[in-house]
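In what follows, a single structure is set out as structure tokens and then discussed.
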Amino acid sequence: MSSAAPKQVKPRAEKRPERKNGGRSTQPGGLRSPHGWQPHVSGALLKKRDELQPVRMALPIWPQAEPIRHALRRNNVLVLTGETGSGKSTQVPQFLASEPWCTKTIAITQPRRVAAISLARRVADEMGSLFGSQSPAARVGYSVRFDNATGPNTKIKFLTEGMLLQEMLRDPSMSQYSAVIVDEVHERSVNVDLILGFLRNLVSDMARDGKKRKAPLKVVVMSATADVKGLVRFFADGLPSPSGSANGTLDVPSTQNKAEPNPLATDQISTCFVEGRQYPVKTIYLPQPTLDWTESSLKLIFQIHYKEPLPGDILVFLTGQEVIEGLEKLVNDYAEGMDKEIPKLLPLPLFAALPQQAQQRIFQPAPYRTRKVILATNIAETSVTVPGVRYVIDCGKSKVKQFRNKLGLESLLVKPISKSAAIQRKGRAGREAPGQCYRLYTESEYTGLEERTVPEILRCDLSQAILTMKARGVDDVPNFPFLDRPPREALEKALMQLLNLGALTETGCISDIGLKMAKLPLTPALGRILIEAAKPERDCLHEVIDIISALSIDGSIFLNLVTEERKEAAEEARRELYRREGDHMTFLATVQQYAEEQTDRKAWCERHFVSHRTMQNVMNIRKQLRQQCQALKLLSSPDPPGPSENKTEAIIACLIRGFINNTARLMPDNVYRTVIGNQKISIHPSSVLFGRRLEAILFSTFVFTNKTWARDVSAVQLNWVEEAWDGMM
DNA sequence: GAGCACTGC
């Protein structure tokens, strides 16, 4: 193993012509790093690095560098708890980069794209390295969908969880990495649960049979909350018991049914705790429970505003767009009547559906003598850090997606948050100075909250997660090491769905079709549709890719119009795009016409009341899907076909293949009922088929509010649905 | 004639 180390430090980059800094090696800036393998670093980069050094050294995690290195020399797994502001995400990879065992790349995962990119940029600065694909010499890079910024010498690679999962499908032993750092584990995305399960299997395989990898893979699990015990047990349970293992510990990978892990195995998992950097935040509860968060928030906003000096913005956590916009209006109304002596109030809404530009307003400093009031959803809990906040108002609720096994549909419900979410929200007041948190519930209500937010894997449709597992060779899904095991019915439902789609064989193994589906960035249903379209007898892959691309983006490609005038104008302008066959064919027409437009696509969008930004997104996905179809040998050429004949029937047949469960027929009383489950369902008003009475419909989305709506609808014939069922049997 | 927390490949 020791002989592997020097091999890696001979950079191929030295022999290559430099792209950006070519010819600068004679300049004083062309220095080498202490490790001697980073050629041609410019003086400016080194200056920045040296300036950042004292900042790094002041981070709470800095003194832990040596203990962390030591722990990973001894053991392969480290569970690290680091509170907000500890510096773990930027420092831990740097601590490990020059370790003797670290001959290859370090991967560090993030739940979100922005975090992966901005952390990579920061670490590059701190290391005095070029960044991404700027130069072959760059030692820090990132990989997110549509944007791979890594080079031949990338030593530290930030990537999204989804990206790492895709890599794991293609390289199960993770041979390009010396270490994998899984960050933000406490958020418990489905992807993180899968990654941890796969890593645990890898670690346990290594312990039993080291041949699968030349050098051990080091695993660091980083979390902001301290469920250290659970994570240690999770990994320890996978390790062989040195005392003879007659108790079946190896093969019953459960985190639930064992009281204590084998102490010897536990000893093989290192732990580390690092404090965060947080100002104190005072908590104030309501004396009496309330149901009217809007009114309570309004009162508190003005109470804080009158009582507390500037600066200090207010962040209000609410459930959704409607409530936010209502409160925004009320704050504006009441603020008008304020004494001129009092500073102004500026309410700013913040939710994901808000256009990017409007979201940016929260980062601009407040005008003179003005206090910002940010009215936000959960987005401000993790995804967006709002600067300048000293007061938090927390309504104690959030909207949660819940998958209902029996109905096979997901619905969005307002539910109480967990204690850990309440603590997270409160913490948002103490980032820059001591703060206050007003909870719109009583202390005893708080005491009654669940400790932790229910992990997503217990709440969602599992078909995609299980497809990923099967594609990675997990045949025994019920015995997969889940951090939290989903209920049996949820697993069975997902397995049935995959069987119906032909992703699994009758024995439950993954089929060729399933393997291809797993590699596509699509839900199983959409992936199946795409593969169906590639069949010679269907021959409509290009068309189906266009439709799927439009279905993959969130929101609509058509602009949502407010005034009656604009609505009518849009109806008129879009007439050439609308298809009587339904929304899917309408999407096809729109994507095709947009793609054909060569001169001014932006103007084309304005003429048709189509969102240009969304269409650019659609085109990105379309391009990626074409490339992937080529890689999967579904498509011989990435070029679009010539003028296409009418393929409507073939296209609809493909859609039915993936969405056979999402079909409904018109009943004698003029309501649609789903073919499976006999659920009442209505065509959503946003559909081109709204108000139409058709023999049967197929839809790609449920929206469950006060009614069950079918969105993205196509007209189908009942016998097509029946034939599809027969074909599957 | 409705209105959808948040991520991500």
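A note on names: the letters A, B, ... follow the listed sequences, proteins ahead of strands, and every chain is numbered from 1. Computed from a predicted model, the values in this text were never measured in an experiment.
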(Q) Between the side chains of A/Lys415 and A/Glu450, is the shortest nitrogen-to-carboxylate-oxygen separation below 4.0 Å, so that they form an ion pair? (A) no
Q | Any A/Thr377 side-chain N or O less than 4.0 Å from OP1/OP2 of B/dC6 | A | yes
Q | Sugar-phosphate, base or nothing in reach of A/Glu161, heavy atoms under 4.0 Å | A | nothing
Q: Could you please name the option among B/dA2, B/dC4, B/dG8 that lies closest to any side-chain atom of A/Gln464?
A: B/dG8
Q. Rounded to the nearest 0.5 Å, how far apart are CG of A/Asp546 and CZ of A/Arg626?
A. 6.0 Å
(Q) With nearest nucleotide decided by heavy atoms, which residue, A/Val703 or A/Glu564, maps closer to the 5′ end of DNA chain B? (A) A/Glu564
(Q) At less than 4.0 Å, is any side-chain N or O atom of A/Trp709 found next to OP1 or OP2 of B/dG3? Yes or no. (A) yes
Q) Is A/Phe351 touching bases, backbone alone, or none of the nucleic acid, heavy atoms closer than 4.0 Å? A) sugar-phosphate
Q) Tell me: NZ of A/Lys623 to P of B/dC9, nearest whole Å? A) 16 Å
Q | A/Glu381 CD - B/dC6 C1' separation (whole Å) | A | 10 Å
**Q.** Nucleotide nearest A/Glu322 when distance is taken to its side chain, options B/dT7, B/dC4, B/dA5
**A.** B/dC4
Q) From B/dA2, B/dA5, B/dC9, pick the nucleotide closest to the side chain of A/Arg145? A) B/dC9
(Q) Between A/Phe482 and A/Asp193, is the side-chain contact (heavy atoms from CB on, under 4.5 Å) condition met? List the steps. (A) CA-CA 7 Å; A/Phe482 286 104; A/Asp193 282 21; 5.8 Å; no
Q: Using atom CZ of A/Phe146 as one end and atom P of B/dC9 as the other, report the distance to the nearest whole Å.
A: 8 Å
Q: Calculate the interatomic distance between A/Lys399 atom NZ and B/dG3 atom P; express it in whole Å.
A: 10 Å
Q. Which part of the nucleic acid, if any, lies within contact of A/Thr160, taking any heavy atom under 4.0 Å across all strands shown: a base, the sugar-phosphate backbone alone, or nothing?
A. sugar-phosphate
Q: Indicate, with yes or no, if the rings of A/Tyr672 and A/Phe699 have centres closer together than 6.0 Å.
A: no
Q) Between A/Asp554 (CG) and B/dT7 (P), how many Å, whole number? A) 9 Å
Q.
For a quick check of understanding: with a heavy-atom distance under 4.0 Å over all strands, which category does A/Leu522 fall into, base, sugar-phosphate or nothing?
A. base
Q.
Between P on B/dT7 and CG on A/Asp461, what's the gap in Å once rounded to a whole number?
A. 20 Å
Q: Quick one: label A/Val144 by what it contacts on the DNA or RNA (base, sugar-phosphate, nothing), any heavy atom closer than 4.0 Å.
A: sugar-phosphate
Q. For DNA chain B, which residues in residues 182-197 of chain A have a heavy atom at a distance below 4.0 Å?
A. none
Q. Less than 4.0 Å between a side-chain N and a carboxylate O, is that true for A/Arg112 and A/Glu187?
A. yes
Q: Take A/Ser686 and A/Val384, find for each the nucleotide of DNA chain B with the closest heavy atom, and name the residue whose nucleotide sits nearer the 5' end.
A: A/Ser686
Q. Is it true that A/Arg188 and A/Asp484 make a salt bridge, defined as a side-chain N closer than 4.0 Å to a carboxylate O?
A. yes
Q) What integer distance in Å separates A/Lys415:NZ from B/dA5:P? A) 16 Å
Q. Any side-chain N or O of A/Arg113 under 4.0 Å from OP1/OP2 of B/dC9?
A. yes
Q. Could you state the CZ-P distance from A/Arg626 to B/dC9, rounded to the nearest angstrom?
A. 21 Å
**Q.** Any donor-acceptor N/O pair, A/Ser714 side chain to A/Ile697 backbone, under 3.5 Å
**A.** no
(Q) Looking only at the side chain of A/Ile379 (C-beta and beyond, no hydrogens), which of the listed nucleotides B/dT7, B/dC9, B/dA2 gets closest? (A) B/dT7
Q. What orientation do A/Tyr441 and A/Tyr446 show, parallel under 30°, tilted 30 to 60°, or perpendicular over 60°?
A. parallel
